[in-house]
Student: 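Can you read through this structure? Questions will come right after.
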Amino acid sequence: MRFSVWAPEAQRARVRVDAGVHEMTAGDGGWWHADAEGVTYSFLLDDDDVPLPDPRSRWQPHGVHEASRVYDHSEFAWADDAWTGRQLPGGVLYELHIGTFTAGGTFDAAIERLDHLVDLGVTHVELLPVNSFDGTAGWGYDGVLWGAVHEPYGGPDGLKRFVDAAHARGLAVVLDVVYNHLGPSGAYLDRFGPYFAGQNDWGPGLNLDGPGSDEVRRYVIDNALGWFRDFHLDALRLDAVHALADRRATHLLEELATETDALSAVLGRPLTLIAESDLNDPKLVTSRERGGYGLHAQWSDDLHHALHVKLTGETSGYYADFAAPDALERVLREVFFHTGTWSSFRERTHGRPVDTAVLPGHRFLGYLQNHDQIGNRATGDRLSATVAPGRLACGAALLFCSPYTPMLFMGEEWAASTPWQFFASFPDPELAEAVRTGRRREFSRHGWGEAEVPDPMDPATVERSRLDWTEVDRAGHREMLELYRNLIRLRRERPELADPRVADLRVETAPDGSWLVLHRGGLRLACNFGRAEARIPLGATATLLAWGTATVDGHEARLPPETFVLAETTP
């Protein structure tokens, strides 16, 4: 078989296949090639006898520092021939981490819980990164070999079994991918060629616009298309795209969107790109015909921040701007809070307005919680650790009755009591200590003592973060689960609730922000966040769903503190 590697600056390249070493021949564009027989291989560059794994490795059964292994995608027996995919509009996403979603922490163990997601009403399962990283346990954002699936989770066959099982249940699968940086251990790309250009907050960034960048961009795009084509994935969530430094006329994201749409036409099923971005720039999800990049959706942190402040009262750090009484109303109506306006956290103006008459709400993902907003807290505490059930219920009702695509984080649906903390497992003791010390130093600046910040390298931190599935049927948890099921069911059954036309959304709020009413066609959602009973004229009499003792009587909603009612107007 043929082995190839891009190493444009090397004077010599060899490939070690099983027990033999073979000289490689220089080809066009900096590529080297050799024909040999075997399954375990690594590359040697120039006169260096240190073997390196394949940058485009499909399989790393022994870790990111060891030899790669040949993997043939055609050998897997797929059973999803009838799968035609799922569009994002009208969808409900569920974000999960394979390592802590179940006690087993593998793809096969996760398959056993897919029926729970079907019963919940989820349409898309979003996996945190599963590509190879150093160690056994981690969030996945320190990956270094983007095409190889993390072996402790089950490797490439394990992921394929998971996708196959999800498709059999009507669930689309979204994969979180990280192209903005590489992890601190096992990132050998710079040994092969000019892959890196500068640093960002998390590590070395890719060379997307300098000399040699054509092949680097191809590396990214081929990887993304491979997930769609070879693993039958339905969508990719692109991590922190604001950290992709690209000054070319055609941005990498636009190029990726163009090629993804072309592959979608070939495969005959929808393929979706969802960006995480700190830019508050609707250009990402504006069509290419209108001068945008043509991505299909992006996360909306502003909606999260406004909901978080409303539910918790926290106003420190980047939450400060969202303390305004009308912050939640503005975000519901305008998508972004910062629209070319002052951001006190950034100490500058930030963002650009969304033309809600043109862009539909389904292109923006809303959420009460996600891996970042839980795991990047000092103790990884969920909202359910500090927020009363009634307030959580109001937040969930707003999320699922909004014009945005809702996403929830694993366990949120039953108000899981388990935290989700930051953890890693780097074998290098110096790197492990640097991560441990850096984490504690970061939170000490915010008043946390060292003993209060969990040790990210302690296996107990991983165990604390694992979901406890016995909670599902316990009092205090099963009621929240039933609420989530009903909200998702109503969003599916009542077109008004999934209507993505943001410009048509009408929002009423109390002057002090204590209550809020959403008008969704003939439906009204009234939420009372205050400490006193609220009586609100709704013009609606038929109750569809309520929390607590909230009622509708004589076209008026009577809402005790921390309750909501979803009601229907009658002719």
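Keep in mind that this is a model prediction, so the values were computed, not measured.
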Student: Below 4.0 angstrom, N of the basic side chain to O of the carboxylate: do D46 and R191 qualify?
Tutor: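 Result for this pair is no, no salt bridge flagged.
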
Student: Taking atom types as modelled, find out whether D108 and T106 have a side-chain donor-acceptor pair closer than 3.5 angstrom.
Tutor: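 No, T106 and D108 have no side-chain donor paired with an acceptor closer than 3.5 Å.
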
Student: Looking just at side-chain N and O atoms, do D468 and T470 make a donor-acceptor pair shorter than 3.5 Å?
Tutor: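 Yes.
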
Student: What is the minimum heavy-atom distance between L399 and R491, and which atoms define it?
Tutor: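 Result for this residue pair: O-NH1, 4.3 Å.
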
Student: Would you say the side chains of D142 and W202 form a donor-acceptor pair under 3.5 Å?
Tutor: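 Their side chains do not contain a donor-acceptor pair, so the 3.5 Å distance test is not met.
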
Student: Is a side-chain donor-acceptor pair under 3.5 Å present for D80 with H232?
Tutor: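 Yes.
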
Student: Between OG1 of T437 and CD of E442, what distance do you get to the nearest 0.5 Å?
Tutor: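 Going from the OG1 atom of T437 to the CD atom of E442 covers 12.5 Å.
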
Student: Indicate whether the side chain of H167 and that of D81 have a donor and an acceptor atom separated by less than 3.5 Å.
Tutor: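 There is no such pair between these side chains.
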
Student: Kindly give the heavy-atom pair with the smallest separation between V5 and P55, and that separation in Å.
Tutor: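 In terms of heavy atoms, the two residues are closest at CG2-CD, 4.2 Å.
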
Student: Main chain of G203, side chain of N200: is a donor-acceptor contact present, judged purely on distance under 3.5 Å?
Tutor: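 Between the backbone of G203 and the side chain of N200 there is a qualifying donor-acceptor contact (under 3.5 Å).
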
Student: Is the distance between the ring centroids of Y219 and Y195 under 6.0 Å?
Tutor: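 Yes.
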
Student: In this structure, are over 12 heavy atoms from other groups packed under 6.0 Å from H62 atom NE2?
Tutor: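 Atom NE2 in H62 is not packed in, count stays at 12 or less.
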
Student: Would you say the rings of H251 and Y293 are close, in the sense that their centroids are separated by under 6.0 Å?
Tutor: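 Under 6.0 Å, so yes.
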
Student: Output yes when a side-chain donor or acceptor of Q421 lies under 3.5 Å from a complementary backbone atom of T379, and no otherwise.
Tutor: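 Looks like yes, one N/O pair under 3.5 Å.
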
Student: Listed by chain and number, what are the salt bridge (charged side-chain N to carboxylate O under 4.0 Å, His left out) partners of D119, not counting sequence neighbours?
Tutor: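 So D119 forms a salt bridge (charged side-chain N to carboxylate O under 4.0 Å, His left out) with R485.
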
Student: Going through the checks in order, is the side-chain hydrogen bond (donor to acceptor under 3.5 Å, both in side chains) test met by H305 and Q373?
Tutor: CA-CA 9 Å; H305 298 346; Q373 302 300 339; 4.5 Å; no

Student: Could you please spell out the steps behind the side-chain hydrogen bond (donor to acceptor under 3.5 Å, both in side chains) verdict for W414 and D473?
Tutor: CA-CA 9 Å; W414 74 75; D473 296 319; over 6 Å; no

Student: Nearest 0.5 angstrom please: I274 CD1 to T405 OG1, how far?
Tutor: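 If I round to the nearest 0.5 Å, the distance is 8.0 Å.
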
Student: Mind checking the CG-NE2 spacing from D28 to H33? Nearest 0.5 Å is all I need.
Tutor: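 D28 atom CG to H33 atom NE2 measures 7.5 Å (nearest 0.5 Å).
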
Student: For Y404 and H362, I'd like to know if the aromatic rings sit close, meaning centre-to-centre distance below 6.0 Å.
Tutor: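 Not close enough - the centres of the two rings lie 6.0 Å or further apart.
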
Student: Are H150 and F133 near enough that their ring centres are under 6.0 Å apart?
Tutor: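 Yes: the rings meet the under 6.0 Å criterion.
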
Student: Which heavy atom of Y41 sits nearest to which heavy atom of S57, and what is that distance?
Tutor: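 Distance-wise, the nearest heavy atoms are OH-CA, 4.3 Å.
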
Student: State whether the number of non-hydrogen atoms from other residues, nucleotides or ligands found under 6.0 Å of Q11 atom CD is greater than 12.
Tutor: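 12 or below, so no.
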
Student: Table please: side-chain donor-acceptor pairs of residues 173-186 below 3.5 Å, with sequence neighbours left out.
Tutor:
unit_1 : atom_1 : unit_2 : atom_2 : d
D176   : OD1    : R237   : NH1    : 3.0
D176   : OD2    : Y141   : OH     : 2.4
D176   : OD2    : R237   : NH1    : 3.0
Y179   : OH     : N223   : OD1    : 2.5
Y179   : OH     : A224   : N      : 3.3
N180   : ND2    : D239   : O      : 2.7
N180   : ND2    : D239   : OD2    : 2.9
H181   : NE2    : Y141   : O      : 2.9
S185   : OG     : H65    : NE2    : 3.2
S185   : OG     : D134   : OD2    : 2.5

Student: If you compare all heavy atoms of T418 against all heavy atoms of E471, which two are closest, and at what distance to 0.1 Å?
Tutor: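 In terms of heavy atoms, the two residues are closest at N-OE2, 4.5 Å.
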
Student: In this structure, is the centre-to-centre distance between the rings of F192 and W32 below 6.0 Å?
Tutor: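 No, too far apart.
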
Student: Is the centre of the F364 ring less than 6.0 Å from the centre of the W299 ring?
Tutor: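 No, they do not, as the ring centres are separated by 6.0 Å or more.
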
Student: Give, for atom CG of N376 and atom CG of N370, the distance between the pair rounded to the nearest 0.5 Å.
Tutor: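 If I round to the nearest 0.5 Å, the distance is 9.0 Å.
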
Student: Measuring centre to centre across the rings, with the benzene-like ring taken for any Trp, is W139 within less than 6.0 Å of H97?
Tutor: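 So the answer is no for these two rings.
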
Student: For E412 and Y484, which I'm curious about, is there any donor-acceptor pair between the side chains at under 3.5 Å?
Tutor: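 Judged by distance alone, the side chains do pair up.
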
Student: Under 3.5 Å, is there a donor-acceptor pair between the Q369 and W420 side chains?
Tutor: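 Note: Q369 and W420 side chains miss the donor-acceptor criterion.
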
Student: Are side-chain N/O atoms of Q60 and S68 paired as donor and acceptor at under 3.5 Å?
Tutor: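 Per modelled atom types, Q60 and S68 side chains form a pair under 3.5 Å.
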
Student: Picking from N131, L189, V64, what satisfies side chain to side chain contact (heavy atoms under 4.5 Å, CB included) with V144?
Tutor: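 In the set N131, L189, V64, the residue that makes a side chain to side chain contact (heavy atoms under 4.5 Å, CB included) with V144 is V64.
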
Student: Between F43 and F3, does the ring centre distance come in under 6.0 Å?
Tutor: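 So the answer is no for these two rings.
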
Student: Mind checking whether H73 and F231 have ring centres under 6.0 Å apart?
Tutor: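 Aromatic pair counts; centres sit under 6.0 Å.
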
Student: With sequence neighbours left out, which residue pairs that include part of residues 245-256 fulfil the salt bridge (charged side-chain N to carboxylate O under 4.0 Å, His left out) condition?
Tutor: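 Found D209-R247, D214-R248, R217-D246, R217-E255.
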
Student: Below 6.0 angstrom between ring centroids: does that apply to W469 and F101?
Tutor: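 Yes: the rings meet the under 6.0 Å criterion.
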
